[in-house]
J.: 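Before we start, here is the structure in question, set down as C-alpha cells.
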Number of protein chains: 2
Amino acid sequence: MPELEEYLTIGQASERLGLATSALRFYEDKGLISSLRTVGGQRRYARDVLRRVSFIRAAQQVGLPLAEIKESLDALPAHRAPTQEEWQRLAEAWRPLLDEQIATLVGIRDRLAGCIGCGCQSLDSCDVFNPDDVAAQQGPGAHFLTL
Amino acid sequence: MPELEEYLTIGQASERLGLATSALRFYEDKGLISSLRTVGGQRRYARDVLRRVSFIRAAQQVGLPLAEIKESLDALPAHRAPTQEEWQRLAEAWRPLLDEQIATLVGIRDRLAGCIGCGCQSLDSCDVFNPDDVAAQQGPGAHFLTL
DNA sequence: GTTTGACTTAAACCATACTTGAAGTTCTAT
DNA sequence: ATAGAACTTCAAGTATGGTTTAAGTCAAAC
C-alpha cells in the first residue's frame, strides 16, 4: 500500500509549497493547518495540506490576516478532506474583498494616468494626491485592508 | 497676511488626513515628511505635507514598505514644494508594480470564477488551490509584495 | 548498529508600522 | 493671568508574521 505517498513530511510539504518549515509549524501553532504524528512524534501531513496552505497564501495576497483566514478555514471539516463545494464556499466569500481591492488599485492606476495625461491642473483635483478630508470619513486605520 | 492658513499644526494635518498624530510624528522620525518648528518647538507643516502623506498612503496600498517609499520621496526637493512633474515621475515608477499587483489579484479572481463555474474537476487543475511546486520556483518569501 | 540528515520543542529574536504613556511645555481664548 | 486643549519627547508596548537558536530525538541508509 502506498503509505509513503499518502503523507508528507514537513520537509516535503515545505519544498512543494516553497515555504519554510518554520512557517508550516507556525501555521499549525496558530491552528490554520493540522498534522498526524508518527510514533516518534514527527509530523505527517495529509495531502490536502497543500491545498489548505495554497488557500492561505492566496488569502494573504488578498490582504487577509491569518486570524481571519483561520476563521474561514474553521468552517472546513477537521478530520476529512474538504469537498469541492466546501472549498468553493470559502472562495466565494472572498469575491467582494477581491473586487474591492482590485477596484482600489485600478482606481489608483487610473487616477495616476489621469494626472499624468491631462496636464497642469488636474493634480490639484486628483484623489490620489489630494485625498485630504476624504480619508477622515472612515474610521482610523481600516480602509480596505482591515476589513 | 494669511500666516495662519499657510501652515498646519499636527492636529490639523491629522484631522485632514484621517491619520493619528502619532503616525505623522512617526513618519517624520523616519524621514518621510518634515516640518518647521514654532519658537516654542511645536511642528508646523507646509501644506504640501498633505500631498506627501497621501502619496505615502497610496504607496502603502500598492504594497510598498515605508523604507522604499522614503527612497522615492528622497528624490523630491527638500525645501520647496515639488512640481507636478516631480510628483509624476514618482507616480510613474509605480505603474509596473500596480499593474503586476492588479494582474495577480485578477488572476486569483478569474481562477476562482473558473473553479466555481466549471464543475467538479477543474479544482484539481486550478492554480489557486494547487500552486504546489509552482511557488517553489521563486525565492522564499518574495512573490509580488516584497519587490 | 551507527551515522547522518531531517525532525522535535520552546523560547528568543527580528522587522514593520505604529500606539501608548508619562511627564512636562506651549498656545489660545477669556 | 490663567485654564484647558493641544502640543512636546522619549521609551516602552502592541500586533502581525514569521525566523533563529539550542539542545536534543527520529528515521533511513549503509
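Chain naming here is simple, since letters A, B, ... match the order of the sequence lines and numbering starts at 1 in each.
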J.: It should be established whether Ser22(B) places a side-chain nitrogen or oxygen under 4.0 Å from OP1 or OP2 of nucleotide dT20(C).
T.: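 Looking at the OP1 and OP2 atoms of dT20(C), neither is under 4.0 Å from any side-chain N or O of Ser22(B).
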
J.: Reading DNA chain C from 5' onward, which residue's closest nucleotide shows up sooner: Leu24(B) or Lys30(B)?
T.: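 So the residue in question is Lys30(B).
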
J.: OP1 or OP2 of dA17(C) sitting under 4.0 Å from any side-chain N/O of Tyr27(B)?
T.: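 No, no such contact exists.
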
J.: When you measure from the side chain of Ala20(B), which nucleotide among dG18(D), dT9(C), dT19(C) comes out closest?
T.: dT19(C)

J.: Counting only side-chain nitrogens and oxygens, does Gln42(A) get under 4.0 Å of the OP1 or OP2 atom of dA28(D)?
T.: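 Checking Gln42(A) against dA28(D): no side-chain N or O falls below 4.0 Å of OP1 or OP2.
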
J.: Toward the 5' end of DNA chain C, which comes first, Gly41(A) or Thr21(B), by nearest nucleotide?
T.: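 Whichever sits nearer the 5' end wins; that is Gly41(A).
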
J.: Expressed in angstrom and rounded to an integer, what is the separation of Glu28(B) atom CD from dT8(D) atom C1'?
T.: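 After rounding, the reported distance stands at 12 Å.
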
J.: At under 4.0 Å between heavy atoms, what does Thr9(B) touch on the DNA or RNA strands: base, sugar-phosphate, or nothing?
T.: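 Sugar-phosphate contact only - Thr9(B) comes under 4.0 Å of backbone atoms but never of a base.
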
J.: Would you please confirm or rule out a distance under 4.0 Å between OP1 or OP2 of dA27(D) and any side-chain N or O of Arg44(A)?
T.: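 No, because none of the side-chain N or O atoms of Arg44(A) sits under 4.0 Å from OP1 or OP2 of dA27(D).
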
J.: Can you check the Glu68(B) CD to dT16(C) P distance for me, whole Å?
T.: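 It works out to 10 Å between those atoms.
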
J.: Measure the distance from CG on Leu32(A) to C1' on dT16(D) and round it to the nearest whole Å.
T.: 13 Å

J.: Rounded to whole angstroms, how far apart are CD1 on Ile10(B) and C1' on dA5(D)?
T.: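 Atom CD1 in Ile10(B) sits about 15 Å away from atom C1' in dA5(D).
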
J.: dT8(D) P sits how many Å from Phe26(B) CZ, rounded?
T.: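 Interatomic distance, CZ of Phe26(B) to P of dT8(D): 17 Å.
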
J.: Test Glu28(A) against Ser35(A) for side chain to side chain donor-acceptor pair (under 3.5 Å), laying out the working first.
T.: CA-CA 8 Å; Glu28(A) 193 169 329; Ser35(A) 60; 2.7 Å; yes

J.: Looking at side-chain heavy atoms only, is the closest gap between Arg109(B) and Gln101(A) below 4.5 Å?
T.: no

J.: Quick one: are Phe26(B) and Leu32(B) in side-chain contact, heavy atoms under 4.5 Å?
T.: no

J.: Between dT19(D) atom C1' and Leu19(A) atom CG, what is the distance in whole Å?
T.: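 Interatomic distance, CG of Leu19(A) to C1' of dT19(D): 12 Å.
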
J.: Can you check the Arg25(B) CZ to dT8(D) P distance for me, whole Å?
T.: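 Those two atoms, CZ and P, are 5 Å apart.
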
J.: From C-beta outward on Thr38(A), which listed nucleotide comes closest to its side chain: dT19(C), dC26(D), dG18(D)?
T.: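 Nearest nucleotide to the side chain: dC26(D).
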
J.: Look at all strands and tell whether Arg43(B) reaches a base, only sugar-phosphate, or nothing, counting heavy atoms closer than 4.0 Å.
T.: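 If one applies the 4.0 Å heavy-atom cut-off, Arg43(B) turns out to touch the sugar-phosphate alone, with no base involved.
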
J.: Can you measure Leu36(B) atom CG to dC7(D) atom P for me and round it to whole angstrom units?
T.: 16 Å

J.: Nearest to the side chain of Pro65(A), heavy atoms from C-beta on, is which of dT8(D), dG17(D), dA17(C)?
T.: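 Out of dT8(D), dG17(D), dA17(C), the nucleotide with an atom closest to Pro65(A)'s side chain is dG17(D).
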
J.: For dG18(D), take OP1 and OP2 only and decide whether either is under 4.0 Å from a side-chain N or O of Arg57(A).
T.: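 Looking at the OP1 and OP2 atoms of dG18(D), one of them is under 4.0 Å from a side-chain N or O of Arg57(A).
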
J.: Quick one: are Leu90(B) and Glu86(B) in side-chain contact, heavy atoms under 4.5 Å?
T.: no

J.: Less than 4.5 Å apart, side chain to side chain, heavy atoms only: is that true for Arg25(B) and Arg43(B)?
T.: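 Of all side-chain heavy-atom pairs linking Arg43(B) with Arg25(B), at least one is under 4.5 Å.
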
